[in-house]
Protein chains: 2
Amino acid sequence: MTKSRTNSLDFLSGLELMIDSYQGKEQIFGVNPNPAILRLSCEEGCVKVIEMARRLGVTADTVRFYTRIKILKPGKNKANGYREYSEKDYNRLRFVLSARQLGFSVEDIQEILNHADKKKSPCPTVRRLIDQRLNETEQRFAETLQLRERMQQAVVEWSQKPDKVPTGHMICHLIEEFSQ
Amino acid sequence: MTKSRTNSLDFLSGLELMIDSYQGKEQIFGVNPNPAILRLSCEEGCVKVIEMARRLGVTADTVRFYTRIKILKPGKNKANGYREYSEKDYNRLRFVLSARQLGFSVEDIQEILNHADKKKSPCPTVRRLIDQRLNETEQRFAETLQLRERMQQAVVEWSQKPDKVPTGHMICHLIEEFSQ
DNA sequence: CTTACACCTGTGTCCAAGACACAGGTCAAG
DNA sequence: CTTGACCTGTGTCTTGGACACAGGTGTAAG
């Protein structure tokens, strides 16, 4: 139950509130196979998109995005069509955000969730994917490092050089004479 | 949030800007200083898209892309509609590729070229833009560095941990117990 | 009751720099 | 004549949302 709640702040107190108020219905909500009762508890425990977003420190657009691509599957209030995000959606979204922080793509996350939804361990997939993504990140890191150095050197070199008007075969001498 | 892979830095990969590795037959591009003769010689000296691409070490799609957005303005062979890239286009594209290597966006480059085309010095613009882009690159660099460290630490930590099957409130303990 | 306003819905489009696909035209060799 | 390599312009795809839009809903104030 105790989580790494290190990376987010005030919406986590909201989380505790929500989980606590939900405590008494745990049997009904997650475990009880009767969908009628499940829906019943939703009326009290579920939240709308903005509240969901606020609790996890993202925008409503982000919540809608993950809903659109069916990572989140909130119910719908029959009366007005509003989405109803449950604790399960909350946990799922929190998971998604954690995974994104670790460099997983949304597609990766879908794959991971597919395993978990089938009650299979997603861990082997997770290990495979992070190796892959880490390689790419190393690659990107090296490229960004090089680009940064190149740009820094350009700024230094150019500070010694004058402005010039373009000629027939030279558009900008700063850029074109920069060797590296 | 982590913008990870989406920061297309791909243009940096592998290409050392192999511009003048071509020593071939026609000495026309890059050697003849007289633009009038060059323009005149277009019927003979101009090249088609693939040859242009080859000379600068990029794909034909890249040449077409810059043509499409009107950074390159090759003529058209009236007989068959084929594009005819002149030495001016060659110089322009070489400039574009150099500028891309320094982190300028295509939009930046259009702005720079607009100045140059009006015979104004693009240098003040260039200096302003590189400051801006360098800032962004520093930012991206810091983010990539952090992401990389986070991922590396995850791999290390996870190597000590077992696989687990998901439970009601835990999708993947590796990801969800990872604190940082 | 009306009105204002904040919230909600789904859908479509945008971003960057090309890469890729596609339908159709051109050209030289065999 | 056919094959195959090349050419054309245009449209769509990529990421992870952000933003726009048209229209419906809920609520408090006047």
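Just so it is clear: chains get the letters A, B, ... in the order the sequence lines come, proteins before strands, and each one is counted from 1.
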Leu147(A) has an atom CG; how far is it from atom C1' of dA16(C), in whole Å? 15 Å

Does Thr59(B) place a side-chain N or O at less than 4.0 Å from the phosphate oxygens OP1/OP2 of dG18(C)? no

Ion pair check, Arg54(A) and Glu51(A), cut-off under 4.0 Å: yes

Please list, pair by pair, any protein nitrogen or oxygen found under 3.5 Å from a nitrogen or oxygen in nucleotides 5-11 of chain C.
unit_1, atom_1, unit_2, atom_2, d
dC8(C), OP1, Ile50(A), N, 3.3
dT9(C), OP1, Arg83(A), N, 2.7
dT9(C), OP2, Arg64(A), NE, 3.3
dG10(C), OP1, Arg83(A), NE, 3.0
dG10(C), OP1, Arg83(A), NH2, 2.7

Separation of dG17(D) atom P from Gln101(A) atom CD, nearest Å, is 11 Å

Whole angstroms only, please: what is the CD-C1' distance between Gln110(B) and dG18(C)? 14 Å

Just how far, in rounded Å, is C1' of dC27(C) from CG of Asn77(B)? 12 Å

Atom CZ of Arg133(B) and atom C1' of dA17(C): how far apart are they, to the nearest Å? 13 Å

Side chain to side chain donor-acceptor pair (under 3.5 Å) partners of Asp131(B), counting only residues at least two apart: none

If you assign Val106(B) and Asp61(B) each to the DNA chain C nucleotide with the nearest heavy atom, which residue ends up on the more 5' nucleotide? Val106(B)

Would you say CD of Gln110(B) has more than 12 non-hydrogen atoms from neighbouring residues, nucleotides or ligands within 6.0 angstrom? yes

Charged N to carboxylate O under 4.0 angstrom, Arg133(A) versus Glu136(A)? yes

Between Glu107(B) (CD) and dA16(C) (P), how many Å, whole number? 6 Å

Starting from Val58(A), can I reach Val49(A) by hopping between I/L/V/M/F/W/Y residues whose side chains sit under 4.5 Å apart? yes

In this structure, how many angstroms lie between the C1' atom of dT12(D) and the CZ atom of Phe65(B), rounded? 14 Å

For residues 111-123 of chain B, the salt bridge (charged side-chain N to carboxylate O under 4.0 Å, His left out) pairs (sequence neighbours left out) are Arg92(B)-Asp117(B), Glu111(B)-Arg128(B)

With under 30° as parallel and over 60° as perpendicular, where do the rings of Phe141(B) and Phe141(A) fit, or are they tilted in between? parallel

Phe104(A) CZ to dT15(D) P, in whole Å, measures 17 Å

Report yes if at least one side-chain N or O of Thr62(B) is closer than 4.0 Å to OP1 or OP2 of dA19(C); otherwise report no. yes

